Amino acid sequence: MSIVNQNDLNVRLWAAADELRKTMSADVYKDYLLGLVFYKSLSDRILYEVVNLLENRKPKDLFEAQEVYQNAKNSSDWNDLKDEIQAEFGCVIEPKNTFTSFYQQINARTFMLSDLRQAFRDVEQAQGHAYEGLFDDFDIDSKDLGKTAAKRNEMLSSVIVAMADIDFTKYPKDALGDAYEYLISQFASESGKKAGEFYTPQAVSKLIAQIVTCGAEHKVGFTAYDPAMGSGSLLLQIKNFIKDTDTIKASNRIHFYGQEIKNQTYNLARMNMMLHRVPAGFQHLRNGDTLDADWPVDEPTNFDAVVMNPPYSQKYDARESLLTDPRFQPYQKLPPSSKADLAFLLHGLYHLKDSGTMGIVLPHGVLFRGSSEKTIREHLLRNGYIYAVIGLPANIFFSTSIPTCVVVLKKNNINRSVLFIDASKEFRKDRARNYLDDEHLAKIFEAYRHRKDIDKFSHLATFKEIEENDFNLNIPRYVDSREPEEEINLNEVFAELQSINKEREQLTNEINHSLKELGLSMRL
């Protein structure tokens with residue numbers, strides 16, 4: 001059966017995880033499925049390129065391409081062919097280690113998990129280090145896959161078989177990347193609170209990406225930075241708002257910088273970038289602790305856009321020496337050690353160009369909490385750095401049901417005004433969760449772009465107004481979205497009560513009359 005559209009691809013890849021889902025949780029099995037999806041995509045592309053290089057044509061299918069590749073292994077062209085593949089893909093997958101070959105080995109009952117492990121190792125150790133450590137979290141010996149080697153072999157074989165006839169080369173270049181994003185969202189849905197470690201819902205990513213690229217859609221050499229990038233979905237959304245030029249594709253004009261503290265999630269982001277066909281020279285990703293040690297320290301240190309959805313109210317090491325760190329020194333105080341929200345904000349702001357825009361998702365507490373957070377907030381407002389505050393609906397994230405906000409920052413907000421948008425009621429409810437649809441996003445973005453008052457939705461507050469509110473940015477202080485209570489006409493209420501009493505008296509008399517006719521002495 002051939003796949004004809006994006007949805008079919010999504011569904012079939014998700015179905016490939018059925019066997020994994022029977023024995024392990026989503027935050028565990030995602031690494032196995034996504035690792036195999038990535039490996040198959042690389043394998044499929046190499047097979048098709050081999051036929052193109054050797055015979056200048058497209059193969060009928062993956063199995064024909066596999067046969068051509070196997071024959072080439074024993075030919076005089078082999079060394080030249082390997083060099084061509086290495087130059088194009090940054091690695092070489094031997095004919096016996098392609099995904100298609102593993103499927104054939106499974107059918108022949110010769111498949112060995114050790115061969116899969118070696119295939120991953122060969123890719124990771126390829127020249128250039130682009131794939132180094134990429135499969136670190138694909139633990140072939142994990143008891144999650146099965147208690148014995150035979151059971152683990154059976155489990156992974158079932159996933160390989162389920163994916164074998166999906167030819168990734170048949171789709172537009174972004175289809176597999178979009179399918180990968182779909183899988184990540186499905187894992188997030190099943191992972192609950194753990195989803196916050198790696199995924200920002202697409203609607204929120206889309207809103208932030210549109211905001212930080214507003215006015216720079218045609219810029220060549222656009223730079224974007226996410227210091228808490230997770231799986232990279234927020235960063236990658238930016239490419240949908242940078243326009244192509246006559247000669248350069250948008251995805252080849254954006255330099256993506258990102259840092260992620262968890263190695264497992266960092267590797268997800270790397271795969272995500274590769275599957276979205278972001279050239280290696282435009283990926284600048286790092287595994288590290290953003291708040292503990294600043295990065296990047298090399299050029300460029302400032303970016304056109306900074307985007308972030310950091311972990312909310314996370315503890316961090318608020319050591320006194322950080323007060324001399326240029327990221328935090330201008331604000332006199334550090335955010336409390338129990339709540340790193342503003343620490344992430346200050347880090348991102350430090351790396352923002354004077355002409356750039358930053359969008360960060362935070363809990364509402366940063367808008368009004370006192371002590372050191374109030375001191376930092378006042379500094380930000382006096383400098384005109386806070387440009388907009390957008391209140392989002394509750395229960396739109398997989399990891400928390402609390403309402404959140406997007407804080408937008410700029411360094412060239414000369415009049416120091418702040419736009420407040422209350423979008424808390426802009427959602428579609430579907431069972432236990434709320435969703436931002438395109439019409440909700442359009443309404444929010446238009447209000448942001450025009451920067452005007454809209455009754456019960458937005459208000460452009462002057463710096464004086466904010467100062468009079470003691471630098472409290474709680475949205476209800478600036479946008480009253482409450483609906484007026486309906487006026488009660490007491491005369492109408494009393495008249496209705498009299499009517500009800502008369503009706504009750506009439507019914508009582510009728511019941512008593514019926515009881516009397518039945519010869520019963522009881523009365524109501």
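Predicted model, so just to flag it, every value in this text is computed and none were measured.
What you find for S231 and N272 is that their closest heavy atoms are O-ND2, 2.9 Å. Residues H351 and T301 come closest through the heavy atom pair ND1-O, 2.6 Å. The shortest non-hydrogen separation linking S401 to A394 is O-CB, 3.5 Å. Among all heavy-atom pairs drawn from M274 and A130, the shortest one is CE-O, 3.5 Å. Shown here for P311 and Q314, the closest heavy-atom pair between the two residues is CG-OE1, 3.1 Å. Minimum interatomic distance between F328 and A343 (heavy atoms only, all atoms of both residues): CE2-O, 3.6 Å.
Open room surrounds NZ on K502; 12 or fewer heavy atoms of other groups in view lie less than 6.0 Å from it. The local environment of CD1 in I414 is sparse, with at most 12 non-hydrogen atoms from other residues, nucleotides or ligands closer than 6.0 Å. Residue K206 places its NZ atom among 12 or fewer non-hydrogen atoms of other residues, nucleotides or ligands, all under 6.0 Å distant. Atom CD of Q202 has 12 or fewer heavy atoms from other residues, nucleotides or ligands within 6.0 Å.
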Under the salt bridge (Lys or Arg N to Asp or Glu O under 4.0 Å) rule, what do D317 and R319 come out as? Steps first, then yes or no, please. CA-CA 6 Å; D317 182 11; R319 57 189 182 277; 3.2 Å; yes
Under the criterion side-chain contact (heavy atoms from CB on, under 4.5 Å), I'd like the reasoning laid out for L134 against M271: C-alpha separation, chi angles, the key distance, then a yes or no. CA-CA 8 Å; L134 198 60; M271 291 183 187; 3.9 Å; yes
Evaluate the side-chain contact (heavy atoms from CB on, under 4.5 Å) criterion for residues L345 and L380: first the C-alpha distance (whole Å), next the side-chain angles of each, then the deciding distance (0.1 Å), finally the verdict. CA-CA 10 Å; L345 183 150; L380 292 169; 3.8 Å; yes
List the steps, then state whether side-chain contact (heavy atoms from CB on, under 4.5 Å) holds for F445 with I211. CA-CA 7 Å; F445 180 70; I211 285 172; 4.2 Å; yes
Go through the steps for L436 and I444 under the test side-chain contact (heavy atoms from CB on, under 4.5 Å), then give the verdict. CA-CA 10 Å; L436 284 162; I444 296 168; 4.3 Å; yes
Under the salt bridge (Lys or Arg N to Asp or Glu O under 4.0 Å) rule, what do K464 and E467 come out as? Steps first, then yes or no, please. CA-CA 5 Å; K464 182 179 180 182; E467 191 175 32; over 6 Å; no
Between E426 and K443, is a salt bridge (Lys or Arg N to Asp or Glu O under 4.0 Å) present by the stated rule, with each step listed? CA-CA 9 Å; E426 300 297 317; K443 181 178 179 180; 3.0 Å; yes
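By the 4.5 Å heavy-atom criterion applied to side chains, S371 and P336 are not counted as neighbours. Counting only heavy atoms from C-beta outward, the side chains of F282 and I254 never approach each other to under 4.5 Å. Between I402 and P363 there is a side-chain heavy-atom pair separated by less than 4.5 Å. Y316 places none of its side-chain heavy atoms less than 4.5 Å from the side chain of F344. Between V306 and H347, every side-chain heavy-atom pair lies at or beyond the 4.5 Å cut-off. Within the 4.5 Å cutoff, the side chain of T290 has no heavy atoms near those of the I261 side chain. Taking 4.5 Å as the limit, some side-chain heavy atom of Y387 sits within range of a side-chain heavy atom of R451. Looking at T404 and V204, their side chains never come closer than 4.5 Å, going by heavy atoms from C-beta outward.
A parallel orientation is assigned to the rings of Y478 and F420, their planes being inclined by less than 30° (bins at 30° and 60°). The aromatic rings of Y29 and F187 lie perpendicular to each other, with more than 60° between the two planes, well past the 30° mark. Ring geometry, Y32 versus F138: the interplanar angle exceeds 60°, so the pair is classed perpendicular (tilted spans 30 to 60°). Using the six-membered ring where Trp is involved, F471 and F463 have ring planes that are tilted, between 30° and 60° apart.
A salt bridge links K22 and E19; the closest N-O separation between the charged side-chain nitrogens and carboxylate oxygens is under 4.0 Å.
A distance of 7.5 Å separates OH in Y350 from CG in D325, rounded to the nearest 0.5 Å. For the atom pair K239 NZ and F222 CZ, the distance stands at 14.0 Å (nearest 0.5 Å). Atoms CG and CG, on L352 and D304 in that order, are 8.5 Å from each other to the nearest 0.5 Å. Taken to the nearest 0.5 Å, the CZ atom of R377 stands 10.0 Å off from the OG atom of S372. Note: Y435 OH to D430 CG = 5.5 Å, rounded to the nearest 0.5 Å. The distance from the CH2 atom of W14 to the OG atom of S185 is 8.0 Å, given to the nearest 0.5 Å.
With K411 contributing its side chain and L349 its backbone, the two residues share a donor-acceptor pair below 3.5 Å. Side-chain N or O atoms of H440 include one that pairs as donor or acceptor with a backbone N or O of D437 at under 3.5 Å. Although no hydrogens or angles enter the test, the distance criterion places no donor-acceptor pair under 3.5 Å between the side chain of D422 and the main chain of P476. Judged purely by atom type and a 3.5 angstrom limit, D341 has no side-chain atom pairing as donor or acceptor with the backbone of Y312. Judged purely by atom type and a 3.5 angstrom limit, Q6 uses its side chain to pair as donor or acceptor with the backbone of A175. A donor-acceptor contact shorter than 3.5 Å links the side chain of N413 to the backbone of S417. A donor-acceptor contact shorter than 3.5 Å is absent between the side chain of R253 and the backbone of G221. Judged purely by atom type and a 3.5 angstrom limit, Q283 uses its side chain to pair as donor or acceptor with the backbone of V278. Put simply, the side chain of E505 never gets that close to the backbone of E503: no donor and acceptor are under 3.5 Å apart. Remark: the backbone N or O of D453 is not paired with any side-chain donor or acceptor of H459 at under 3.5 angstrom.
The salt bridge (Lys or Arg N to Asp or Glu O under 4.0 Å) search around D178 returns none, not counting sequence neighbours.
Between the side chains of N240 and Q237, at least one donor-acceptor pair of N or O atoms lies under 3.5 Å. Side-chain contact annotation: K339 with S313, donor-acceptor N/O pair under 3.5 Å absent.
Checked against a 6.0 Å centroid threshold, the rings of Y257 and H284 count as neighbours.
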